[in-house]
Amino acid sequence: MNISLHEITVRELTAGYADNNENGVVGYGGKLDIRPPYQREFIYKEAQRNAVIDTILKGFPLNVMYWAKRDDGTFEVIDGQQRTISICQYVQGDYSIDVEGDKLKFFNFRSDVQQRILDYKLTVYFCEGSDTEKLSWFRTINIAGEKLTDQELRNAVYSGSWVTDAKRYFSKPGCAAYKIGSDYLTGTPIRQDYLETAIDWISKGEIKEYMACHQHDPNAARLWQYFQSVITWVSTTFPKKRSNMMKGIAWGPLYDEFKDKILDAARLEEEIKRLILDDDVTAKKGIYPYVLTRKEKYLSIRAFSDQQKIEAYERQQGICPHCHNHFELNEMEGDHIKPWHAGGKTTSDNCQMLCRECNRRKSGK
């Protein structure tokens, strides 16, 4: 890796700045690719963005930036995308900052202040090397600052035509995946949460392997079609939306397991309503996986209190009703006499104490 130090003025950086949406963001007279395929969308908050401009106005130094030099003589931003876009958008007049109580855009300043901003020198390292060296450096220098998510790093490692197309569906503000899936997914598209979730579902958790296999595919149509199928299945199987309960469920695996089964949406909805009102169900989000799989682990059925267990232990005089042996309290566990799934409640009169072995045996039936 060959690294050389340069000073670039704001005037030079912002020359030819253009945000072409799907076609990328460029600056530096069209020679700088500000948002390569592996870079995230713009995520600076207003305070961070304004701090960049305030630093320039005061003449203080900004953190060093890193550009990778390409074989054709152009550059791509390795580190400094957020600062670069903040500067370019301000000079272009996209937003204002607070200056002693006044909201001022770039063109609101006197000409001498404008010139001072444009003459401000940024410290930039030009890096030349192989793609592998550049991506390794990219990982290293992004340890500090606005740390990359795991999926953002994967986008860097497996950058190519597939990632570029996948981001079109899953990584833009208000993207297609957000429009149909926001009631069912957590996170945000711009931090790659939606893309990560979709790949996790289709790959059954093998995200890296899937991205490596498809890195040079011309498009990500298969992933997008799969995601649409999952969301359509969820919305038709559970037509009543409850976003607070439905967000973050592993819908992909449920779709894979149950997509070919004939399900009664009305019957499922009646059971969901009943379970929502059941005080013994402490994990309401687990209701949806439960009504499909019948696995009670998703519901986190309310456990007996210490007082209820002590009362049952004393009532039984420490005798396990299954094996009829005596045990100390700490050697026994609370159990529903009438199972929860048969209508039993987590109440004192439905509590019995079983030794650990008998309780495990009963639970395993």
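Hydrogens, waters and symmetry mates play no part in the numbers below; they use all other heavy atoms, side chains included.
- Proximity of a side-chain donor or acceptor of Q308 to a complementary backbone N or O of S305 within less than 3.5 Å is detected.
- When atom types are taken as modelled, the side chain of E333 and the backbone of M353 share no donor-acceptor pair closer than 3.5 angstrom.
- Under the 4.5 Å side-chain heavy-atom criterion for Ile, Leu, Val, Met, Phe, Trp and Tyr, W340 and F304 are members of distinct hydrophobic clusters.
- A donor-acceptor distance shorter than 3.5 angstrom exists from the side chain of K285 to the backbone of K247, with no hydrogens or angles considered.
- You'll find the side chain of T232 stays beyond 4.5 Å of the side chain of I180, heavy atoms only.
- R11 and Q115 form a side-chain donor-acceptor contact under 3.5 Å, judged by distance and modelled atom types alone.
- Using a 4.5 Å heavy-atom threshold, the side chains of I97 and Y90 count as touching.
- Taking the centre and axis of the six-membered ring of F60, the NZ or CZ atom of K58 falls outside the cone set by 45° and 6.0 Å.
- Residues Y95 and K105 are not in side-chain contact: their nearest non-hydrogen atoms beyond the backbone lie 4.5 Å or more apart.
- No side-chain donor-acceptor contact under 3.5 Å links R222 and Q225.
- Residues E311 and Q307 form a side-chain contact, since some pair of their non-hydrogen atoms from C-beta on lies under 4.5 Å apart.
- Contact of the V281 side chain with the I301 side chain is registered, since non-hydrogen atoms from C-beta on lie closer than 4.5 Å.
- Under the 4.5 Å side-chain contact rule for hydrophobic residues, L354 and Y313 do not share a cluster.
- In this structure, a donor-acceptor pair under 3.5 Å is present between the side chains of T346 and H336.
- Within a 6.0 Å sphere centred on OH of Y125, heavy atoms belonging to other residues, nucleotides or ligands number 12 at most.
- Considering E357, R361, K362 as possible partners of H322, the one that fulfils the side-chain contact (heavy atoms from CB on, under 4.5 Å) test is K362.
- Surrounding CZ of R110 are at most 12 heavy atoms belonging to other residues, nucleotides or ligands under 6.0 Å away.
- Here the side chains of D33 and V77 are not in contact, with every heavy-atom distance at 4.5 Å or above.
- Linking ILVMFWY residues whenever their side-chain heavy atoms come closer than 4.5 Å, directly or via other members, leaves I337 and F327 in distinct clusters.
- No path of Ile, Leu, Val, Met, Phe, Trp and Tyr side chains, each step under 4.5 Å between heavy atoms, connects I117 with F107, placing them in separate hydrophobic clusters.
- Between the side chains of E328 and N330, no donor-acceptor pair of N or O atoms lies under 3.5 Å.
- Between the side chain of N350 and the main chain of K345, a donor-acceptor pair closer than 3.5 Å is present.
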- Any chance you could lay out the side chain to side chain contact (heavy atoms under 4.5 Å, CB included) test for V64 and V124, step after step, and finish with the verdict? CA-CA 6 Å; V64 65; V124 182; over 6 Å; no

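- Aromatic ring pairs are classed by plane angle as parallel below 30°, tilted from 30° to 60° and perpendicular above 60°; the pair W251 and Y288 is perpendicular.
- Among the candidates R274, R242, K240, the single residue satisfying the salt bridge (Lys or Arg N to Asp or Glu O under 4.0 Å) test with E269 is R242.
- Under the 3.5 Å distance criterion, the side-chain polar atoms of D165 are matched with a main-chain donor or acceptor of A220.
- A side-chain donor from one of Y226 and D256 sits under 3.5 Å from a side-chain acceptor of the other.
- Checked by atom type and distance alone, the side chain of K284 pairs as donor or acceptor with a backbone atom of I276 at under 3.5 Å.
- Looking only at side-chain heavy atoms (C-beta outward), S235 and Y184 come within less than 4.5 Å of each other.
- In this pair, F227 and F170 present their aromatic rings perpendicular. The plane angle is above 60°, beyond the 30 to 60° band.
- Residue-environment remark: CG (D279) stays at or below the threshold of 12 foreign heavy atoms within 6.0 Å.
- At a cut-off of 3.5 Å, with distance as the only test, no side-chain donor of D119 or T9 sits close to an acceptor on the other residue.
- Checked against the 6.0 Å centroid threshold, W201 and Y255 do not count as a close aromatic pair.
- To the nearest 0.5 angstrom, K69 atom NZ is 14.0 Å from I3 atom CD1.
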- Task: Show your reasoning for whether salt bridge (Lys or Arg N to Asp or Glu O under 4.0 Å) applies to R116 and D112.
- Result: CA-CA 6 Å; R116 192 168 79 240; D112 61 315; 5.1 Å; no

- Message: Is there a side chain to side chain contact (heavy atoms under 4.5 Å, CB included) between L275 and Y290? Walk through the geometry before answering.
- Response: CA-CA 10 Å; L275 291 171; Y290 170 76; 3.8 Å; yes

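- No side-chain donor-acceptor contact under 3.5 Å links D102 to the backbone of L104.
- Two residues are said to be in side-chain contact when any heavy atoms from C-beta on lie closer than 4.5 Å; I319 and N325 fail this criterion.
- The backbone N or O of V26 lies less than 3.5 Å from no partner atom in the side chain of K31, so there is not a single donor-acceptor pair.
- N155 pairs with exactly one of E196, K167, Q192 by the side chain to side chain donor-acceptor pair (under 3.5 Å) rule, that one being Q192.
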